Protein chains: 2
Amino acid sequence: MPNPSAASPQPLTPDEESLVRALGQVMHVLPRAIDADMVGDRQLPLTEYTALMNLSETPDRRMRMNELAALCHLSLSGMTRTIIRLETQGLVRRERCEEDARGWNAVLTDAGYARLQESWPSHLAAVRRRFLQHFEGFDLTQLARAFQRAGTAEPTD
Amino acid sequence: MPNPSAASPQPLTPDEESLVRALGQVMHVLPRAIDADMVGDRQLPLTEYTALMNLSETPDRRMRMNELAALCHLSLSGMTRTIIRLETQGLVRRERCEEDARGWNAVLTDAGYARLQESWPSHLAAVRRRFLQHFEGFDLTQLARAFQRAGTAEPTD
DNA sequence: AACCGGCGCTTGATTGGTCAAGCAAATATG
DNA sequence: CATATTTGCTTGACCAATCAAGCGCCGGTT
């Protein structure tokens with residue numbers, strides 16, 4: 001029997017219920033709000049910002065598509081398309097990978113780095129204001145751990 | 001000066017950093033995982049499930065598009081399209097609103113109700129397993145409140 | 001009672017993502 | 001060493017969401 005709880009399991013407690021609902025709302029509202037804050041301010045949608053940010057954190061500002069996609073929580077093809085968008089804006093350049101001619105490196109250009117420098121204060125402010133601010137007084141270490149667990153999807157068994 | 005913190009504000013603490021990253025991952029992974037669990041089990045994507053669920057919670061299983069869209073965190077046009085999808089599956093019917101001939105009611109059909117009944121145990125199990133389980137020992141009331149605050153987007157000032 | 005601005009909803013165009021198929025380089029196999 | 005399989009990435013087709021424009025009805029004005 002594939003689904004052991006098919007009958008009618010315990011419903012959620014009111015607390016659980018409202019937590020789940022609130023999470024749903026956050027997942028919907030937050031990225032849009034942060035996006036809006038940044039776009040209004042420095043014209044960089046969240047996905048593209050994340051890509052630039054991850055690139056900037058490597059020693060030589062370059063990364064294979066594979067790895068970058070994983071860090072950005074994007075499919076490989078989604079990543080390709082994001083990088084193309086960034087490339088046409090001159091914020092990223094693509095170079096064939098030396099030790100494996102199938103591979104590509106996305107390389108952060110100086111323009112890209114400059115743009116990131118411009119954007120991150122407003123990104124940071126948005127994250128604080130929209131999210132972190134509401135968790136003052138919480139044990140962030142604990143909380144982060146819980147989210148990491150939840151974010152690590154086990155396969156659908 | 002529109003952006004007062006343009007220079008180089010305090011970066012995030014490591015805890016804040018990892019919380020933010022973990023939330024990003026959760027926002028990406030969780031809906032897909034829950035979707036996968038449910039689709040694998042009872043063929044109802046999360047958006048459609050949410051619509052049916054909200055309808056089922058009204059006294060007469062019907063709701064104006066407006067209100068339903070808000071509860072589903074969907075734009076009005078997104079809601080229209082979702083309802084159309086559900087309608088073609090026979091899970092929802094649309095009726096002109098009596099007291100205002102511009103309006104429509106989405107009405108949960110018996111088939112829709114039945115389908116919801118079938119789905120919700122696996123939805124519930126997914127939510128528990130993928131999310132709630134990782135927050136045992138937390139003060140859920142507090143947590144829910146914090147998320148509610150974060151989910152209430154103030155306009156971009 | 002004829003108009004007209006606003007409202008409720010749908011529709012068209014676009015966007016940003018997914019999955020599946022394709023292609024070229026790399027690697028394993030007979 | 002030739003061929004088959006696998007790998008890394010791109011491309012094509014699609015999909016679900018968005019925004020902006022459109023359509024018909026409402027309700028207040030004159």
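Quick caveat, the model's predicted, so the values are computed rather than measured. First the proteins, then the strands, lettered A, B, ... as listed; each starts at 1.
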In numerical order, the residues of residues 50-73 of chain B whose heavy atoms come under 4.0 Å of DNA chain D are none
Got a list of protein N/O to nucleotides 13-16 of chain C N/O distances below 3.5 Å?
none

Short N/O separations, protein against nucleotides 22-24 of chain C, under 3.5 angstrom:
none

Could you work out, with side chain to side chain donor-acceptor pair (under 3.5 Å) as the rule, every residue matching Asp110(A), not counting sequence neighbours? none
The complete set of side-chain hydrogen bond (donor to acceptor under 3.5 Å, both in side chains) pairs with one or both residues in residues 47-56 of chain B, sequence neighbours excluded, reads Glu48(B)-Arg85(B), Glu48(B)-Gln89(B)
Tell me the ring-ring contact (aromatic ring centres under 6.0 Å, His included) pairs involving residues 62-114 of chain A, sequence neighbours left out? His73(A)-His28(B)
Among residues two or more places apart or on two chains, list those pairs meeting side-chain hydrogen bond (donor to acceptor under 3.5 Å, both in side chains) that have a residue in residues 57-68 of chain A. Glu57(A)-Arg21(B), Arg62(A)-Glu95(A)
Please name all residues satisfying side chain to side chain donor-acceptor pair (under 3.5 Å) with Thr141(B), sequence neighbours left out, ordered by chain then number. Asp15(A)
Between Ile83(A) (CD1) and dG8(D) (C1'), how many Å, whole number? 15 Å
Scan residues 126-145 of chain B for pairs that pass ring-ring contact (aromatic ring centres under 6.0 Å, His included), counting only residues two or more places apart or in two chains. Phe147(A)-Phe135(B), Phe131(B)-Phe135(B), Phe135(B)-Phe138(B)
Could you tell me the separation between the CD atom of Glu99(A) and the P atom of dT7(D), rounded to a whole number of Å? 18 Å
Whole angstroms only, please: what is the CE-P distance between Met79(A) and dT10(D)? 10 Å
Establish whether the base of dC19(C) is bridged to the side chain of Ser77(A) by a donor-acceptor pair shorter than 3.5 Å. yes
Sequence-distant partners of Asp139(A), salt bridge (Lys or Arg N to Asp or Glu O under 4.0 Å), two or more places apart: none
Set of salt bridge (Lys or Arg N to Asp or Glu O under 4.0 Å) partners for Arg102(B), sequence neighbours left out: Asp100(B)
Could you tell me whether Glu87(A) and Arg94(A) have a side-chain N and a carboxylate O separated by less than 4.0 Å? yes
Can you sort out the partners of Thr109(B) under side chain to side chain donor-acceptor pair (under 3.5 Å), two or more places apart, ordered by chain and number? none
